[in-house]
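Quick notes on the structure that follows.
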Amino acid sequence: MNNDRRGVAMHESSHTETPYTALGFYHKISQLRADTWNALKRDLGQLVRLSDESRVRNLVKAIDVKLTRLEIIEDYHAFPSKEDFRHLWSLFDREEYVLLEKVVKRLVRALISESYRRRHVDLSETDADAEDLETLDALAQLRHGHPASNSSAQPYFELLIVDNLSAQEEEVVREAFHSLRRPEDRFVYDVVTVRSFEDALIAVLVNPNIQACLIRYEFPYKSKYNLSALRNYLEGLSEQELEHQSEAERSILLSSMIHELRPEIDQFLVTSGDVEATASRDIRHFNRIFYRETDYIEQHHTILRAIDSRYRTPFFDALREYSKKPTGVFHAMPISRGKSVTRSHWAGHMIDFYGINIFLAETSATSGGLDSLLQPYGPIKKAQEYAARAFGARQSYFVTNGTSTANKIVVQALIKPRDIVLIDRDCHKSHHYGMVLAGAHVNYLDSYPLNDYSMYGAVPLREIKKTLLAYKRAGELDRVKMLLLTNCTFDGVVYNVRRMMEECLAIKPDLVFLWDEAWFAFATFNPTYRPRTAMHAARTLRDRYRSEAYREEYAAWKEAFDALDPDDDATWLEQRLLPDPDTVRIRTYATHSTHKTLTSLRQGSMIHVYDQEFRQRVEAPFHEAYMTHTSTSPNYQILASLDVGRMQAEMEGFELVHAQVEAALSLREQLYTHPLLQKYFRVLKNIDMVPAEYRESGVESYYDPVTGWNQMEEAWARDEFVVDPTRVTIAIGNTGVDGDAFKNEYLMNKYGIQINKTSRNTVLFMTNIGTTRGSIAYLLDVLIKLAKEFEYRWEESSRPERKIIERRVHSLTRELPPLPDFSRFHDAFRQCSETPEGDIRRAYFLSYDEENTEYLRFDNGELQAEMRAGRDVVSASFVIPYPPGFPVLVPGQVISEEILHFLQALDVKEIHGYRPELGLIVFTEEALAAPPET
Ligand SMILES: Cc1ncc(COP(=O)(O)O)c(C=O)c1O
């Protein structure tokens, strides 16, 4: 390898103005990698056909730069190997461009088809058969998204070795591991070697194939490259200190940082030092320690076994085994084994469509290798334990009827009648009904409104602290049991979960948190997102509060805090609060619609628990609540898909989520920069969705046209709220078409594009782990066509027609009714006059007696007249307009002027709980005067 070129590479990676050098480089690494290889192939193709001297010179220079950049990237990948790169450079140096083009073409084909995962690709030899296979694979990959030949059933991964090896030593180690491969191995792997601490971190960030890491002897701290991709992750680490650490200390620190970035990676330590001393330290992130003498065979088998324990899918495997067994069916499930349809004269096409396996796997048996969801003891239990490992929970539970049910289970398990729950009012409807069922006394919290887009943000920490302090003053804090928030929101606003919990626990040390992460299961598998998940925050806080360092921090903080004025609420609101380590308990729950963001059949959801009180106080009621809501005939296919979804997330979640973020960033980038698209479609950025007071970092947009996507980590590390960039909300007011019409008439009917969230003037495009670069390109193509259509419409309109368009645009961009706050519960449903919570259950059931309610119309002024006459008009039902899809009224809530104004200004067709011909259903004054039940 040419060392001078390395110098160029280092320089380029740190100083050039190319967009993707810093964090942007990391965010778009796989696209950058693919694009650069393709561009190199194109350059070489041109070069071999050129005769013009000066153009030849320029192209050679461009090829040199690309090869140099690729070499940096490929340094962290097993294929192409360092040996392969030496071959490329030698062809380049010898000006054998024709051969170089051929080799690069082959290499690109191998990367596209991923044939290197299935067989050894030797670039120094011309093997016509292998090339043919690669060509077929590459074509199939382009056409169908998967290779034609899958000759090996062995999944492939890469083993990262961290050791300061020479090139020759590296080859020896690689060969040693290669020589251990056996056809009967469950997996096949190749080796990537890095020589420093920083390089190891870069490798796990940029190479998703790495599944295991072997940290060997002494290695330096600094990378030879200067990639600032690590800036945020390395914050707080002093280089000097690191340089002076012992071998063991450095290895342990590296392992904990790798664990923070990619917790799924299996790590092993090979130590040459004092083994016993190493073993007595905090080595929890290592699966195993090997001694210098330990042979490669032992390491090889240990690594394969570790990967296998993640790859296993206990319930899916059990179901597949079961489906192969001959069984006589004498129970009530005629479709099991396809019996009712295989011989049917009319329903056979169901088998044609689904295939037979799904019927062979349909059973109500809980024995024969299967298990019972309601009382799991076998493969379901195991599958749930694996899910807990994957999501960082202490316990995980599968739910086969969606997060709508998961939410009700958690609330019922923890809340008894009259317990107070603080909850964001724009939460999913399952929570409102859950509150009714549990008999909770509900305190609805208002999220900050985004009136310009008819949507809500999230509930600020300050509001929640204020609410808790009000309960403290009223002597009612004991009754406050749970804080229930949606993270992230439908529109992608994400809380700073850890900070929220920390400060709330300082006021109420045993508060239970239920984070509705219906849309956030994928977040666990990305290092930027993960710290904002409930399970990660719970674990981090628990570790923090157990440490001596925290005790000291708390003592110093308490002294300073007490010197202020602790009796004044303002002190509590202005100061960042810390909980008392002697009283604090971490009690955190999260619900995931696994089916929304990861692989799972519809309705596959999970409940994740991190509750220090669970075993002692919750397990039994949780079990009862689970029984209350779970079918006695749970769908096995959903359970199996949850098991596979978990496995997939543990094996390739990092890669898939990274690709999803990449796809979303590409979409955003085009929308930010394309002049015609910008005219009609404005992507909402952080600055649009998060008011300045909640953006401590000051970051307005993650994207900068010069430096790329380099601001995301900073905002995610610091801000109270951030926007999940994978959810792309576009303001379409300038088109003059409202969200609903845009969704149905333009996107769906004309182009077959499905979306499921609109507001009056926005549409939400969600990416997911299945979103490809191709689908982003299609969407952009459609949006460009639509923008052109709007452009022509304007150009070809008459003067009156233009007036109409202008009026519509004005209405959609200027005339937006302010979103109403929660008014209040009527006194008839309140127990405490000082605090606002209401008994929603009493209000809900009071409406069951017809004589307690009446209808009042607001379109003819009837309802307003009653209000003017001094009557508290109180809703007897939920009233939920779609969009925005949250209740503007709940049972027991006093109707306010603002709410009526909002309802009148709404131009949506669908308002649940409202019958235009009758009006709103409200309680009679007599019903409200009756004494509350005790
Ligand atoms: C925030 C939130 N929670 C819960 C749910 C319900 O989830 P599921 O569809 O899995 O029942 C949804 C559904 O959209 C949601 O948006």
Side-chain angles (χ1 to χ4, degrees), residues 387 391 396-412 421-438 444-445 447 455-459 482-495 497 513-523 529 532-534 589-608 625-626 628-631 634-635 637-639 641-642 645-646 721 723-724 726-727 729 743 754-759 762-766 768 878 880-887 910 912:
F391 290 91
S396 291
Y397 296 89
F398 290 170
V399 178
T400 57
N401 8 17
T403 301
S404 306
T405 293
N407 286 337
K408 290 180 202 132
I409 292 173
V410 178
V411 167
Q412 182 177 322
V421 178
L422 314 182
I423 176 172
D424 59 321
R425 186 175 45 111
D426 49 315
C427 63
H428 186 254
K429 67 177 180 340
S430 55
H431 296 297
H432 301 285
Y433 292 111
M435 295 296 121
V436 170
L437 293 177
Y444 281 114
L445 306 168
S447 297
M455 61 170 84
Y456 280 104
V459 187
M482 176 187 273
L483 174 64
L484 198 170
L485 295 170
T486 311
N487 191 50
C488 65
T489 67
F490 211 128
D491 303 293
V493 177
V494 183
Y495 283 85
V497 176
F513 298 87
L514 168 52
W515 293 95
D516 180 337
E517 293 183 349
W519 293 102
F520 220 41
F522 76 102
Y529 282 66
R532 289 188 180 239
T533 63
Y589 293 75
T591 49
H592 284 177
S593 289
T594 318
H595 66 102
K596 288 195 204 294
T597 64
L598 295 171
T599 292
S600 161
L601 292 178
R602 201 155 162 76
Q603 294 191 12
S605 285
M606 294 190 201
I607 297 169
H608 302 294
Y626 195 83
T628 308
H629 296 281
T630 303
S631 164
N635 184 310
Q637 317 318 321
I638 296 178
L639 292 175
S641 75
L642 283 171
R646 181 278 310 157
F721 300 113
V723 173
D724 170 6
T726 69
R727 303 167 81 84
T729 300
K743 166 182 162 179
Q754 271 183 38
I755 56 167
N756 63 0
K757 164 86 197 322
T758 59
S759 77
T762 65
V763 288
L764 171 65
F765 294 96
M766 275 187 260
N768 64 47
F878 288 104
I880 310 177
Y882 283 86
F886 66 88
E910 203 179 325
H912 293 185

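Ligands are counted one by one from 1 in listed order, and the atoms in each one are counted from 1 as well. Note that the coordinates shown come from a computational prediction; the quantities given were computed from them, not determined experimentally. Atom set for the values below is all heavy atoms of this structure, side chains included, hydrogens, waters and symmetry mates excluded.
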Fill in: Non-hydrogen side-chain atoms of F513 and M482 separated by less than 4.5 Å
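No, side chains not in contact.
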
Worksheet item: Any side-chain heavy-atom pair from I409 and T628 closer than 4.5 angstrom?
Response: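 The answer is no; the side chains never approach within 4.5 Å.
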
Worksheet item: So, does T403 use its side chain to make a donor-acceptor pair with the main chain of H592 at under 3.5 Å?
Response: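 Between the backbone of H592 and the side chain of T403 there is a qualifying donor-acceptor contact (under 3.5 Å).
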
Discussion item. For F522, is there any backbone N or O sitting under 3.5 Å from a side-chain donor or acceptor partner on T597?
Written reply: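 Yes.
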
Discussion item. Ring centroids only, cut at 6.0 angstrom: are Y495 and W515 within range, meaning strictly under it?
Written reply: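 Aromatic pair counts; centres sit under 6.0 Å.
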
Worksheet item: Hey, would you say the H432 and Y444 ring centroids sit under 6.0 Å apart?
Response: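 Judged by ring-centre distance (under 6.0 Å), H432 and Y444 do meet the cut-off.
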
Check each N or O atom of ligand 1 against all protein N or O atoms and list the pairs under 3.5 Å, with atom names and distances to 0.1 Å, one per line.
residue  : atom   : partner : partner atom : Å
ligand 1 : 3 (N)  : D516    : OD1          : 3.2
ligand 1 : 3 (N)  : D516    : OD2          : 2.7
ligand 1 : 7 (O)  : S593    : OG           : 3.3
ligand 1 : 9 (O)  : K596    : NZ           : 3.1
ligand 1 : 10 (O) : T403    : N            : 2.8
ligand 1 : 10 (O) : S593    : OG           : 2.7
ligand 1 : 10 (O) : H595    : NE2          : 2.8
ligand 1 : 11 (O) : T403    : N            : 3.1
ligand 1 : 11 (O) : S404    : N            : 2.9
ligand 1 : 11 (O) : S404    : OG           : 2.6
ligand 1 : 14 (O) : K596    : NZ           : 3.2
ligand 1 : 16 (O) : W519    : NE1          : 2.8

